[in-house]
Amino acid sequence: MLQTLVKNTLGLGLLAGLMVAGIGWVDRITQPYIQISKTNQQHRLLADMLTGLRFDNQPLQDKLAVTGLSQGTGYAVRYRRKLVASILPVTAPDGYSGDIHLLLAVKPDGTLLAVRTLAHQETPGIGDGIDIEKSDWITRFNGLSLSNTTNWTAEHFDGLTRATITSRAIVRAVHRALLWHKNQPAQQP
Amino acid sequence: MKSDTTATIWDPIWRNNPALTQFLGLCPMLAVTQTLAQALGLGLATLGVIIGACLSVSAIRYLIPANVRLPAFVIIIAGFVICAMLIMQAFAFNLYQSMALFVQIIVTNCLILGRVELFASKNPLWPTFLDSLMTGLGFILALLLLGALRELIGQGTLGDGLHLLLGPVANDWHIRLPYDYQGFLLFTLPPGAFIGMGLLLALKNKLGSQTHKSATNSHEPRKA
């Protein structure tokens, strides 16, 4: 009885060990491809957000601290070592189905270049219009700033049809990020 | 004799389709068939896992004691699902991101455990390979039918996103319904999946009963 128990346990353990080794091998082979895909995706996103802006550094390697705004990390976009835009991550916790992760591109004077939704769990066909792939709605923030837009109450903005809660969460998060950006000490060139 | 084997081999494609006749694997089927591309992606991942798991179990079937066979099967299936996830992430990253959760859920697909238990654990490699291949293809067929139905009615397109799975060669492989079809949202959401599935099953049963009728009719003259 005990002997069968021990034999079976060892057998299952050996099988599990073999499977883990196999998975480790597949992981090692696929990691380079996955990294390339992830980096490509990030580059495409940044290029999309920064269209028309002249810059000559690698933002993904030029990190900005964003303590007080979000858990992630920001990136600096520079031209001839002067800061021309900050990439800020911000999370809207009050989305319809949970957190919505956004990425903002802000010029040093506080003007928004672009906002993009990185991850969300909003309803397909309704709230997912915040995704640039599904609709242009998120581009309505382009060019806005605290100075040229006085009314930042969420209800004032044209939301996505049938996605009021989602739209307002995003407006609030963008506003919060702009306020944070304004309160930062001026970035040294 | 030969026609018997042929029938058994092709059964899982239609007559004994794992999803439409045996009702296995309905969870992923209802969840990831919003578009044809998603359905195809999940189907291929499931096919890979079925074939891999069945062949592995068949190879070591004499080494697994009967009383721990289920844990052993699940270990093997889970391992293959993780590999499928990694491979999909590496070669179809964007598509993977839209259905990451459901690729992981392939582990719970009773279809795979059922095939492994019923067939792979008792048969040699070649028949196991054929059986798992046919079952996987039958599942893909069911997924594609529901996916096409839901995408066409729900979004008005067919093949949206195929390039994420098949690469740039498929950039133009999609069609869009004319007349500014707005899309019937219900079919993109889960209730529509259930309704679509029900319609598909009704259609299959109707077709099945018709072939049965024509078979009986052709026999009668001989009896007389």
Side-chain angles (χ1 to χ4, degrees), chain A residues 1 3-45 48 97-98 101 117-129 131-135 160-163, chain B residues 31-32 34-35 38 48 52-53 56-57 59-60 63-101 150-151 154-156 160-161 164 182-190 192-193:
Chain A
M1 187 68 203
Q3 198 193 11
T4 343
L5 185 65
V6 170
K7 193 166 66 109
N8 285 343
T9 316
L10 288 178
L12 281 181
L14 180 66
L15 181 63
L18 283 174
M19 284 316 290
V20 168
I23 294 171
W25 178 70
V26 173
D27 183 57
R28 200 154 54 89
I29 298 185
T30 55
Q31 267 317 309
Y33 295 95
I34 297 180
Q35 280 313 340
I36 293 177
S37 293
K38 282 197 179 148
T39 325
N40 277 347
Q41 196 184 44
Q42 283 176 318
H43 281 143
R44 266 201 305 269
L45 180 66
D48 179 37
S97 321
H101 298 284
T117 309
L118 291 179
H120 69 89
Q121 289 151 297
E122 305 302 289
T123 321
I126 306 182
D128 71 349
D131 203 327
I132 188 75
E133 310 258 330
K134 299 279 166 75
S135 109
L160 263 179
T161 315
R162 296 173 302 181
Chain B
V32 197
Q34 282 164 352
T35 64
Q38 272 189 337
S56 307
V57 169
I60 60 172
L63 298 173
I64 307 179
N67 50 0
V68 289
R69 68 186 189 289
L70 284 178
F73 295 162
V74 175
I75 290 177
I76 294 178
I77 295 175
F80 274 97
V81 170
I82 297 179
C83 292
M85 272 170 56
L86 288 172
I87 293 177
M88 206 173 181
Q89 258 186 305
F91 298 112
F93 192 68
N94 284 320
L95 189 66
Y96 173 81
Q97 288 200 309
S98 67
M99 41 188 270
L101 179 63
R150 284 181 71 192
E151 188 183 347
Q155 266 180 225
D160 183 26
L164 294 175
Q182 289 302 315
F184 189 8
L185 179 64
L186 180 68
F187 272 82
T188 323
L189 298 175

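Bear in mind that the values here come from a model prediction, so they are computed numbers and not experimental data. Atom set for the values below is all heavy atoms of this structure, side chains included, hydrogens, waters and symmetry mates excluded.
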What side-chain donor-acceptor pairs closer than 3.5 Å can you find for residues 10-18 of chain A, not counting sequence neighbours?
none

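Heavy-atom pairs under 4.5 Å with chain B were tallied for A:Ile36, A:Ile29, A:Thr30; the largest tally goes to A:Thr30. Contact tally against chain A (heavy-atom pairs below 4.5 Å) for B:Ala90, B:Cys83, B:Pro65: the top residue is B:Ala90.
Looking at every heavy atom in both residues, B:Ile76 comes nearest to A:Met19 through O-CE, 3.6 Å.
Qualifying salt bridge (Lys or Arg N to Asp or Glu O under 4.0 Å) partners for A:Asp27, counting only residues two or more places apart in sequence or in other chains: none.
Side chains of B:Asn94 and A:Gln41 form a contact here, defined as non-hydrogen atoms less than 4.5 Å apart. Annotation: side chain of B:Gln89 is not in contact with side chain of A:Tyr33 (no heavy-atom distance under 4.5 Å).
Heavy atoms of B:Ile75 lying under 4.5 Å from chain A belong to its backbone as well as its side chain. Interface remark: B:Ile60 contributes side-chain atoms only to the contact with chain A (heavy atom separation under 4.5 Å). Contacts between A:Lys7 and chain B at a heavy-atom distance below 4.5 Å are absent for every atom of the residue. Contacts between B:Tyr96 and chain A at a heavy-atom distance below 4.5 Å are absent for every atom of the residue.
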